[in-house]
Amino acid sequence: MADPDKPTREQAEAAVRTLLSWAGDDPTREGLLDTPKRVAKAYADWFSGYAMDPDEYLARTFEEVAGYDELIVLRDIRFESHCEHHMAPIIGRAHVGYLPDGKVVGISKLARVVDAYARRLQVQEKMTAQIADCIQRVLNPRGVGVVIEATHGCMTTRGVHKRGVSMITSKMLGGFRDDARTRSEFLQFIGSEPRR
Ligand SMILES: Nc1nc2c(ncn2[C@@H]2O[C@H](COP(=O)(O)OP(=O)(O)OP(=O)(O)O)[C@@H](O)[C@H]2O)c(=O)[nH]1
Ligand SMILES: [Zn+2]
């Protein structure tokens, strides 16, 4: 159902013209005439996750897996998101693992879940927890592990201006939290085992 409080595209474009003026430029000059339209279109892409239901991606499961009950890991899932404090890009990769309990999901669906949460305004800790909680809630496996490594545009291009810094977050549930061997195997699979 359409949200009656959602601004129209025209209102969104007018807001972009205001920001262009506030930045110090002239929104009526030729090069900027179509910019509000482009920005609204870009927003529709960057924030398309609000219209996605991540639970739905995990609805179809496969049970004919010959009793496979070991770790399943999808690593290096590239994503783009935006921080909710500055609306600056968060660019990174997510690693997602789970211990199946009789059923598995199509592996692309784990990447779809990551995207559904990434394409919203985010805090990295929240996104990490949302992905893990979604998989635990819908698939009900014996455990879930999510690790995210990302760089935050608000730290690299403004503010403290620290390039090369990345933030690492993790959320471990079930066997990933309680069993040191499962956690260690997961970290080894994704290449984050602490070096000794
Ligand atoms: N924990 C966490 N912090 C984030 C994330 N994205 C951005 N931030 C931080 O959110 C904080 C917002 O702090 P504020 O002091 O309200 O904003 P600010 O004045 O723009 O802060 P500076 O970035 O230090 O200039 C900053 O420290 C950002 O680095 C995130 O995903 N997780
Ligand atoms: Zn930020």
Side-chain angles (χ1 to χ4, degrees), residues 5-7 11-25 32 35-36 38-55 57-58 73-98 109-138 143-174 176-177 183 186-187 189-194:
D5 294 330
K6 186 172 171 161
Q11 285 173 315
E13 291 178 14
V16 176
R17 276 191 288 277
T18 302
L19 283 173
L20 286 169
S21 297
W22 193 74
D25 214 316
L32 291 180
T35 297
R38 293 189 197 100
V39 173
K41 199 171 154 200
Y43 267 44
D45 185 342
W46 289 333
F47 304 116
S48 55
Y50 292 111
M52 296 174 180
D53 178 3
D55 289 22
Y57 297 131
L58 303 176
V73 176
L74 192 63
R75 71 173 188 194
D76 291 328
I77 307 165
R78 305 274 166 170
F79 71 84
E80 301 104 31
S81 186
H82 288 80
C83 83
E84 68 182 33
H85 304 124
H86 304 91
M87 303 182 79
I90 304 174
I91 311 279
R93 46 199 182 144
H95 314 286
V96 177
Y98 70 100
K109 308 303 180 190
L110 299 179
R112 288 190 184 281
V113 170
V114 169
D115 277 345
Y117 288 115
R119 293 176 187 170
R120 301 176 185 195
L121 288 169
Q122 276 295 2
V123 170
Q124 188 174 322
E125 294 91 328
K126 182 168 81 176
M127 178 172 151
T128 309
Q130 284 175 327
I131 295 166
D133 291 344
C134 173
I135 296 167
Q136 188 62 52
R137 181 177 63 246
V138 183
V144 179
V146 176
V147 171
I148 294 184
E149 320 172 25
T151 57
H152 290 244
C154 65
M155 272 193 71
T156 56
T157 68
R158 61 158 295 286
V160 74
H161 289 276
K162 291 289 172 230
R163 270 174 296 132
V165 174
S166 51
M167 180 177 185
I168 304 181
T169 46
S170 74
K171 176 87 182 186
M172 307 285 180
L173 300 173
F176 286 65
R177 194 177 184 109
R183 176 191 288 251
F186 175 55
L187 296 177
F189 278 13
I190 66 173
S192 295
E193 183 84 316

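All values below were derived from every heavy atom in this structure, side-chain atoms included, with hydrogens, water molecules and symmetry-related copies excluded. Residue numbers run from 1 in the order of the sequence given. Whatever order the structure lists them in is the order used to number ligands and atoms, beginning at 1.
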May I ask whether Val123 places a heavy atom under 4.0 Å from ligand 1?
-> yes
Just do the side chain to side chain donor-acceptor pair (under 3.5 Å) check on Gln124 and Thr169 with the steps written out, would you?
-> CA-CA 7 Å; Gln124 188 174 322; Thr169 46; 2.9 Å; yes
Distance, nearest 0.5 Å, that separates OG1 of Thr151 from CE of Met167 = 12.0 Å
Would you please test Ile190 and Arg93 for side-chain contact (heavy atoms from CB on, under 4.5 Å) and show each step?
-> CA-CA 11 Å; Ile190 66 173; Arg93 46 199 182 144; over 6 Å; no
Is Gln122 close to ligand 1, meaning an N/O of one under 3.5 Å from an N/O of the other?
-> no
Honestly, for Met167 the part within reach of ligand 1 (heavy atoms, under 4.0 Å) is side chain
Do protein heavy atoms approach atom 13 (O) of ligand 1 to less than 4.0 Å?
-> no
Under 4.0 angstrom from atom 1 (N) of ligand 1, is there any protein heavy atom?
-> yes
Tell me whether Cys83 has at least one N, O or S atom under 2.8 Å from the Zn ion (ligand 2).
-> yes
Does Arg119 come within less than 4.0 Å of Asp115, counting only side-chain N to carboxylate O?
-> yes
Does the protein put a heavy atom under 4.0 Å from atom 16 (O) of ligand 1?
-> no
Out of His85, Gln130, His82, which one pairs with Gln122 under the side chain to side chain donor-acceptor pair (under 3.5 Å) rule?
-> Gln130
Look up atom 24 (O) of ligand 1 and tell me if a protein heavy atom lies less than 4.0 Å from it?
-> no
Here the gap from His152 atom NE2 to Ile90 atom CD1, rounded to the nearest 0.5 Å, amounts to 4.5 Å
Within a distance under 4.0 Å of any heavy atom of His85, pick out the atoms of ligand 1 and give their elements.
-> 4 (C), 6 (N), 7 (C), 8 (N), 9 (C), 10 (O)
Could you confirm whether His85 has any N/O/S atom lying under 2.8 Å from the Zn ion (ligand 2)?
-> no
On the 0 to 90° scale, with breaks at 30° and 60°, tag the Phe176-Phe186 ring pair as parallel, tilted or perpendicular.
-> perpendicular
What distance separates Tyr57 OH from Ile135 CD1, expressed to the nearest 0.5 Å?
-> 13.5 Å
Looking at Met155, His82, Arg158, the heavy atom closest to atom 22 (P) of ligand 1 belongs to Arg158
What distance do Phe79 atom CZ and Ile148 atom CD1 have between them, rounded to the nearest 0.5 Å?
-> 5.0 Å
Name whichever N, O or S atom of His86 ends up nearest to the Zn ion (ligand 2).
-> ND1
Taking the non-hydrogen atoms of His86, is any one of them nearer than 4.0 angstrom to ligand 1?
-> yes
Taking only heavy atoms of Cys83, which atoms of ligand 1 are found under 4.0 Å from at least one of them?
-> 6 (N)
Just jot down the ligand 1 atoms closer than 4.0 angstrom to any heavy atom of Cys154, in number order.
-> 7 (C)
Would you verify that at least one protein heavy atom lies under 4.0 Å from atom 31 (O) of ligand 1, or report that none does?
-> yes
Could you check atom 6 (N) of ligand 1 against the protein and tell me its nearest heavy-atom contact, residue, atom and distance included?
-> His152 ND1, 3.3 Å
Is at least one protein non-hydrogen atom found at under 4.0 angstrom from atom 19 (O) of ligand 1?
-> no
For the residue pair Tyr43 and Phe47, categorise the inter-ring angle as parallel (less than 30°), tilted (30 to 60°) or perpendicular (more than 60°).
-> perpendicular
For the pair Tyr50 (side chain) and Leu121 (backbone), establish whether a donor and an acceptor sit closer than 3.5 Å, ignoring hydrogens and angles.
-> yes
